[in-house]
*Asks:* 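Let me begin by handing over the structure; questions about it come next.
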Protein chains: 2
Amino acid sequence: MMDLVTDELRSDILVGRFEPGDRLLEMPLAEQYECGRAAVRSALVALTSEGLVDRAANRGATVRRISVAEAIQITEARSALEGLIAAEAARHATAADHKELRSIIAKMRDSVGTEGAKEYSRLNGLLHRRLCEMSKHEIAAELVANLRNRAAHHQYRLAIMPGRAEESLEQHAAIVTAVVAGDPTGAAKAMHTHLHSVIDVLTRWGDA
Amino acid sequence: MMDLVTDELRSDILVGRFEPGDRLLEMPLAEQYECGRAAVRSALVALTSEGLVDRAANRGATVRRISVAEAIQITEARSALEGLIAAEAARHATAADHKELRSIIAKMRDSVGTEGAKEYSRLNGLLHRRLCEMSKHEIAAELVANLRNRAAHHQYRLAIMPGRAEESLEQHAAIVTAVVAGDPTGAAKAMHTHLHSVIDVLTRWGDA
DNA sequence: GTCAACAGGATCGTTGACAATCTGAACACT
DNA sequence: AGTGTTCAGATTGTCAACGATCCTGTTGAC
């Protein structure tokens, strides 16, 4: 029960059921998840370590608000780590993995014009997540997953930017091409250019 | 009191007061730190999120044991992140920072032949930590600090290897030279070669 | 009208006791 | 001897209540 509450609360924060700045009162959460205050406290401690929750002594917890400046730093760190992941994925990916990656890119290409940004965003997340798994680099994968969670809100705002999908599609395709070619340094470089283009958008966002 | 216990327990694990595999029973720890079981539980949850403690449901917590393979992955992730940090440090370091870095290198050079590996290891840690602070990159610095903690045990075994200090001294000097020169890509590269030499040692260690 | 002191409410932090679960050993059975 | 079973001990998970702390709105003096 204890770990379940942690997962549910994290999930509820990530999907926006709780927004940045919202207070996370122990008693109401205990009722909502049908558990005791102890389980909620445990979850809040864990999510604080993960950087998703702010906690002040005797003043309670809130959903952590990530500034644009922080989102940029998070993306910079992701760039460093996902470069490593892309390189390792290029080394370890199997033929079946190659097929799956190409299939994801194809679906992304389909969803660009037709459907809303939601499907493209889902495929985007799926691609990055599968690359993490293929890299067999558990440490880097865990850190990247955490960073992605922290900036989830900004990622979403970025995904619905007009024209953004077209731009990022080619970058994603370049990453997959390098991984399929078994080119570690090429894959890392492609990942860097992709995430640095994200940083560019965030920077312009911060100035405005 | 609650957060204090977390810090004390983490510190006790890092300095080896508890060794990998040791059980962390709630009741004895509560007596040792003169607090209630709740505070200990809270600390165990937090340290589990940090990767320092293993917890199995209803079976208690132990100090996490890091294999050589994991230590290698940790160092690879550090290489990616500290490359970023070295580059940012090269951008942001002030004249006073340059002076301090050169002073640390000088002290390292002194301690190589004369004193035991303990002083060199201390300066090594200090150098990396100061670079993290100078980079002004809080996100990367936090992640690196965590990774360093996770592999603390292996770092220590590595530090007392004969001849290791001489080899790593020149690598550290190269990093500082690039940072002082305000050369971000050079600093990142120097950091990469340094940490990849650490990975080499760990790899030979793993084979043996 | 402004500011400090104060009381009330809300919320967290801590404690102690109880329930649930796991571990290991003793024991019966084949 | 080997295997399955039962039971006691140890340890964690959960709960309810109490005390401590902080925020808010009000009161009163100046």
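From a predicted model like this one, the values you see are computed outputs, not experimental measurements. So you know, we letter chains A, B, ... as the sequences are listed, proteins then strands, and number each from 1. All values below were derived from every heavy atom in this structure, side-chain atoms included, with hydrogens, water molecules and symmetry-related copies excluded.
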*Asks:* Within a reach of under 6.0 Å around OH of Tyr33(A), are more than 12 heavy atoms found that belong to other residues, nucleotides or ligands?
*Replies:*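 Enclosed: over 12 neighbouring heavy atoms sit under 6.0 Å from OH of Tyr33(A).
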*Asks:* Can you tell me the distance, in whole Å, between the CG atom of Asp3(A) and the C1' atom of dT14(D)?
*Replies:*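 To the nearest whole Å, that distance equals 14 Å.
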*Asks:* Nearest to the side chain of Leu25(A), which nucleotide is it out of dT15(C), dT11(C), dT14(D)?
*Replies:* dT11(C)
*Asks:* Charged N to carboxylate O below 4.0 Å: is that the case for Asp7(B) and Arg10(B)?
*Replies:* yes
*Asks:* dT14(C) C1' sits how many Å from Arg37(B) CZ, rounded?
*Replies:* 13 Å
*Asks:* When the ring centroid of His92(B) is compared with that of His137(B), is the distance short of 6.0 Å?
*Replies:* no
*Asks:* Closer to the 5' end of DNA chain D via nearest nucleotide, is it Met2(A) or Asn58(A)?
*Replies:*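 It is Met2(A) whose nearest nucleotide is closer to the 5' end.
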*Asks:* Contact class for Leu44(B) vs. all strands (heavy atom < 4.0 Å): base, sugar-phosphate, or nothing?
*Replies:*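 Nothing, no nucleic acid heavy atom in range.
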*Asks:* What is the distance, rounded to the nearest whole Å, between atom CE of Met27(B) and atom P of dG13(D)?
*Replies:*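 Checked: the CE to P distance equals 14 Å.
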*Asks:* Record whether the side chain of Arg59(B) comes under 3.5 Å of the base of dG13(D) through a donor-acceptor pair of N or O atoms.
*Replies:* no
*Asks:* Determine: side-chain N/O of Arg41(B) to OP1/OP2 of dG13(D), distance under 4.0 Å, yes or no.
*Replies:* yes
*Asks:* Any side-chain heavy-atom pair from His153(B) and Ile66(B) closer than 4.5 angstrom?
*Replies:* no
*Asks:* What is the distance from CZ of Arg23(B) to C1' of dC22(C), rounded to the nearest Å?
*Replies:*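 Distance check: Arg23(B) CZ to dC22(C) C1' gives 10 Å.
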*Asks:* Which nucleotide in the set dG13(C), dT11(D), dT15(C) lies at the smallest distance from any side-chain heavy atom of Glu26(A)?
*Replies:* dG13(C)
*Asks:* Please report the distance, rounded to the nearest Å, between CZ in Arg55(B) and P in dT11(D).
*Replies:* 16 Å
*Asks:* To the nearest angstrom, how far is Tyr33(A) atom OH from dT14(D) atom P?
*Replies:* 16 Å
